[in-house]
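To keep things clear, I will list the structure first and then write my remarks on it.
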Amino acid sequence: MKIYEVSDKKKYLDLLLIGDEQESMIYRYLDGGIMFVLDDGGIKGEAVVCDTGGGVAEIKNIAVLPEYRKCGYGKALIEFVCERYKKDFSVLRAGTGESSLTVPFYEKCGFTRAHTVKNFFTDNYDYPIIEGGVRLTDMVYFEKRLKL
C-alpha cells in the first residue's frame with residue numbers, strides 16, 4: 001500500500017464526489033488543498049487537506065471506494081495525514097454530517113467533537129444530502145491533537 005500526493009486532483013473527481021456530493025463545493029477547496037491518494041493494487045481512496053490557519057490542518061474530503069470500506073483504508077489515510085502534518089500543525093480537523101456512518105469512524109480514529117455549524121448542509125448545498133437514510137443539516141467538526 002502506498003499513499004502519495006497528486007497534482008492532477010481533478011482526475012479523481014469521481015472519487016472526490018463520494019466524499020462530497022456537490023461538485024461546486026469541491027471546487028471551493030480543491031485548488032487550495034493537498035490531495036493524497038491511497039494505492040493498493042489500484043486507487044482505493046483519497047484525502048484532501050487544507051491549511052486553515054492558526055496551526056490547524058483540515059481534512060476537507062476523505063473517501064474510500066464503497067467496495068473497499070471497512071478494510072482499513074480510511075484509517076490508513078487518517079494516520080498518514082496525522083504523521084505528515086504533526087510537525088507543522090497542532091490540530092487536525094474534519095467536518096462531517098451527523099451520521100451513523102461517519103461519526104463513529106472519526107471517533108474511532110481518535111477525534112473528539114469540537115463544534116457544530118448549524119444548517120451548513122441546508123444552507124450550502126443545492127439539494128438535500130442524505131446519508132444513512134438521514135437528511136444532513138448541521139456540520140459537526142471533529143478535532144485531533146497532533147502535538148501535545
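Only a predicted model underlies this, so the values are computations on that prediction, with no experimental measurement involved.
In this structure Tyr127 satisfies the side chain to side chain contact (heavy atoms under 4.5 Å, CB included) test together with Glu21, Gln22, Ile129, sequence neighbours excluded. In this view, Lys44 satisfies the salt bridge (Lys or Arg N to Asp or Glu O under 4.0 Å) rule with no residue, not counting sequence neighbours. In this view, Glu79 and Lys75 satisfy the salt bridge (Lys or Arg N to Asp or Glu O under 4.0 Å) rule, not counting sequence neighbours. With sequence neighbours left out, the side-chain hydrogen bond (donor to acceptor under 3.5 Å, both in side chains) criterion links Ser7 to no other residue. When the side chain to side chain contact (heavy atoms under 4.5 Å, CB included) test is applied to Asn124, the partners found at least two apart in sequence or on another chain are Met25, Arg28, Phe120.
Annotation: ring-ring contact (aromatic ring centres under 6.0 Å, His included) contacts involving residues 37-64, sequence neighbours excluded, are absent. Sorted by first and then second residue, the salt bridge (Lys or Arg N to Asp or Glu O under 4.0 Å) pairs with a member in residues 50-65 read Glu58-Lys60; sequence neighbours excluded. Listed by first and then second residue, the side chain to side chain donor-acceptor pair (under 3.5 Å) pairs that reach into residues 85-95 are Glu83-Lys86, Arg93-Glu143, sequence neighbours excluded. Sorted by first and then second residue, the ring-ring contact (aromatic ring centres under 6.0 Å, His included) pairs with a member in residues 9-68 read Phe36-Phe80; sequence neighbours excluded.
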Could you tabulate the donor-acceptor pairs under 3.5 Å formed by side-chain atoms of residues 130-138, not counting sequence neighbours?
unit_1 : atom_1 : unit_2 : atom_2 : d
Glu131 : OE2    : Ser99  : OG     : 2.8
Glu131 : OE2    : Thr102 : OG1    : 3.4
Asp138 : OD1    : Asn119 : N      : 2.8

Indicate every side-chain donor-acceptor pair of residues 104-118 with a distance under 3.5 Å to a residue at least two apart or in another chain.
unit_1 : atom_1 : unit_2 : atom_2 : d
Arg113 : NH1    : Glu98  : OE1    : 3.2
Arg113 : NH2    : Glu98  : OE2    : 2.9

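Nearest heavy atoms, Ala63 versus Gly19: CB-N, 3.7 Å. Across all their heavy atoms, Arg69 and Ile18 have their closest contact at NH2-CG2, 3.0 Å. When all heavy atoms of Gly45 and Leu77 are compared, the closest pair comes out as C-CD1, 4.0 Å. Taking all atoms of both residues into account, the shortest heavy-atom contact from Gly74 to Val64 is N-CG2, 3.6 Å.
Val81 is listed as a side-chain neighbour of Leu92, based on a closest heavy-atom distance under 4.5 Å. Contact annotation: the side chain of Thr52 never approaches that of Phe89 to less than 4.5 Å [non-hydrogen atoms, C-beta and beyond]. At a threshold of 4.5 Å between non-hydrogen side-chain atoms, the residues Leu16 and Val48 count as touching. Between Tyr4 and Val6 the shortest side-chain heavy-atom distance falls below 4.5 Å. Between Leu13 and Ile26 there is a side-chain heavy-atom pair separated by less than 4.5 Å. With a 4.5 Å cut-off on side-chain heavy atoms, Glu46 and Met35 count as touching.
Rounded to the nearest 0.5 Å, atoms SG (Cys71) and CG (Leu38) are 10.5 Å apart. Rounded to the nearest 0.5 Å, atoms CG (Asn61) and CG (Asp20) are 5.5 Å apart. We find the CG-OG distance between Asp126 and Ser24 to be 5.5 Å, quoted to the nearest 0.5 Å.
Under the 4.5 Å side-chain heavy-atom criterion for grouping Ile, Leu, Val, Met, Phe, Trp and Tyr, Ile62 is connected to Val103 within one hydrophobic cluster. Placement of Leu30 and Leu17 within a single hydrophobic cluster is found when ILVMFWY residues are connected by side-chain heavy-atom separations under 4.5 Å, directly or transitively. Linking ILVMFWY residues whenever their side-chain heavy atoms come closer than 4.5 Å, directly or via other members, places Leu65 and Val37 in the same cluster. Under the 4.5 Å side-chain contact rule for hydrophobic residues, Ile78 and Val140 share a cluster.
Judged by distance alone, with hydrogens and angles left aside, the side-chain atoms of Lys2 form no donor-acceptor pair with the main-chain N or O of Asp40 at under 3.5 Å.
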* Which is it for Asp39 and Met1 under the side-chain contact (heavy atoms from CB on, under 4.5 Å) test, yes or no, and what are the steps along the way? -> CA-CA 6 Å; Asp39 187 331; Met1 177 175 63; over 6 Å; no
* Between Ile43 and Leu15, does a side-chain contact (heavy atoms from CB on, under 4.5 Å) hold up when you go through it step by step? -> CA-CA 9 Å; Ile43 302 300; Leu15 192 53; 3.8 Å; yes
